[in-house]
Amino acid sequence: MKIATWNVNSIRTRLSYVKMFLVDNGIDVLSLQEIKTEEKNFPFEEFSNLNYFAYVFGQKAYNGVALISKSPFKEVKKNILNDGIARTIEGQIDDLTILNVYFPHGGNLGSEQFFYKLEFYKKVKNYILKNDLINKNFILLGDFNIAREDIDVWDKDLLDGTIGFMKEERDALNDLISIGLIDAFRYFHGDVVAFTWWDYTGGSFKRNYGMRIDCIYVSKSLVGRLKNCYIEKSLRALDKPSDHVPVVLELI
DNA sequence: ATGGTGGAGCGTCCA
């Protein structure tokens, strides 16, 4: 089973690439962030034509998450933090609980958005604990907007203290995963420097000035089923790409 | 300090 996550930065602009990615990689479940559209404008038909189901929590212009899957989800919960912001969608499929989160960007240190981001991390952690998801076959994936380790950024000294790599943020992410979540990419590639996001500006992709901020975390019960985890970097080199690329998890 | 690029959707805001 192949489960992927991708911040597409507008589903309508990236639709052809998303369809290509699903087919080329034989993806079973795709978790999308920043679809940037309301549900009423989501291209449901394009996915049903490919024999995929789509579950959408959308919002006008900003945010927006979705789950795309070959077989139907048994249950889907949107808005799990009850904040009305289209950043969370969770579903049950087979024996898995999959929680797709678009974590806040965070603005700058000390800004209102920065504290919102740290609070958001606590709320997701509490939600997982409250619902005992950590003791289920649980997958937390999405755009975390935080690089956790030094090897998750292109220059740890230059980026020290900047958004996405501040101590307070890394502490928040470490605190979240301390409840028993395993970084699937790191499980297979312990010391590999690899990124999932490159800024649009300044030729960042060509220079490989990136960060690994899109991740797939699994609960301990799934460790024995991990088969592979990879980053589909080639999609960043296409014309009019998203600034993020997909991460793919293969489960036995 | 600014601007560098991109998306939504027509004002700017957000990343």
Side-chain angles (χ1 to χ4, degrees), chain A residues 5-21 30-44 46 54 56-66 81 83-89 100-121 124 141-148 152-155 158-166 168-170 172-173 195-215 231-247:
Chain A
T5 182
W6 193 5
N7 178 322
V8 286
N9 188 15
S10 168
I11 185 59
R12 286 176 290 175
T13 298
R14 231 64 67 195
L15 184 59
S16 63
Y17 291 163
V18 172
K19 288 162 65 176
M20 182 176 78
F21 169 69
L30 173 60
S31 144
L32 295 171
Q33 303 87 38
E34 279 207 275
I35 62 171
K36 288 187 168 177
T37 184
E38 293 172 285
E39 190 171 348
K40 66 178 181 187
N41 293 322
F42 188 89
F44 285 99
E46 301 271 353
V56 177
F57 183 22
Q59 185 178 322
K60 195 173 186 174
Y62 306 114
N63 309 319
V65 286
L81 299 182
D83 55 4
I85 310 294
R87 291 184 179 276
T88 55
I89 185 168
N100 170 13
V101 179
Y102 173 45
F103 286 88
H105 175 270
N108 297 303
L109 176 63
S111 66
E112 203 175 304
Q113 301 101 297
F114 185 73
F115 293 112
Y116 170 63
K117 181 179 194 173
L118 298 182
E119 278 304 303
F120 197 97
Y121 262 85
V124 170
L141 76 179
D143 176 359
F144 289 77
N145 262 316
I146 296 175
R148 194 165 52 81
D152 292 330
V153 294
W154 65 276
D155 188 327
L158 201 65
L159 293 178
D160 184 32
T162 64
I163 198 69
F165 197 56
M166 285 191 273
E168 294 90 336
E169 297 177 278
R170 298 164 77 184
L173 177 51
F195 309 132
T196 64
W197 173 85
W198 298 261
D199 202 299
Y200 282 122
T201 64
S204 295
F205 182 64
K206 272 189 183 151
R207 297 180 158 96
N208 201 27
Y209 292 175
M211 297 170 82
R212 191 176 72 93
I213 56 177
D214 302 271
C215 293
I231 295 167
E232 193 49 68
K233 187 179 175 180
S234 63
L235 291 167
R236 187 63 176 79
L238 299 173
D239 197 38
K240 288 262 169 196
S242 169
D243 43 353
H244 299 249
V245 293
V247 182

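Excluded from the calculations below are hydrogen atoms, water molecules and symmetry mates; all remaining heavy atoms, backbone and side chain alike, are included. Numbers restart at 1 for each chain; the letters A, B, ... are given by sequence-line order, proteins then strands. Not measured: the values here are computed from a predicted model.
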My understanding is that only residues two or more places apart in sequence, or in another chain, count here; which of them pass side chain to side chain contact (heavy atoms under 4.5 Å, CB included) with [X]?
| X | result |
| --- | --- |
| A:Asp160 | none |
| A:Lys60 | A:Glu38 |
| A:Tyr209 | A:Trp154, A:Ser204, A:Arg207 |
| A:Tyr116 | A:Asp83, A:Ile85, A:Arg87, A:Pro104, A:Phe120 |

Would you kindly give the [atom1]-to-[atom2] distance between [X] and [N], to the nearest whole Å?
| X | N | atom1 | atom2 | result |
| --- | --- | --- | --- | --- |
| A:Gln33 | B:dA15 | CD | P | 14 Å |
| A:Asn145 | B:dC14 | CG | P | 14 Å |
| A:Asn7 | B:dC14 | CG | P | 17 Å |
| A:Ile146 | B:dA15 | CD1 | P | 14 Å |

Expressed as a whole number of Å, how far does the [atom1] atom of [N] sit from that of [M]?
| N | M | atom1 | answer |
| --- | --- | --- | --- |
| B:dG3 | B:dG9 | C1' | 23 Å |
| B:dG4 | B:dC14 | C1' | 16 Å |
| B:dT12 | B:dA1 | P | 24 Å |

Open item on the list: Using a 4.0 Å heavy-atom cut-off, does A:Arg87 contact any base of the nucleic acid, only the sugar-phosphate backbone, or nothing at all?
Closed with: sugar-phosphate
Task: Sugar-phosphate, base or nothing in reach of A:Tyr102, heavy atoms under 4.0 Å - done: sugar-phosphate
Task: Annotated protein contacts, base or backbone, on nucleotides 1-12 of chain B with a non-hydrogen cut-off under 4.0 Å, one of B, S, - each - done: ---SBSBSS---
TODO: Output all residues satisfying salt bridge (Lys or Arg N to Asp or Glu O under 4.0 Å) with A:Glu39, sequence neighbours left out; order by chain, then residue number.
DONE: A:Lys78
TODO: Find out whether A:Pro43 and A:Ile11 are in side-chain contact, i.e. whether some heavy atom of one side chain is under 4.5 Å from a heavy atom of the other.
DONE: yes
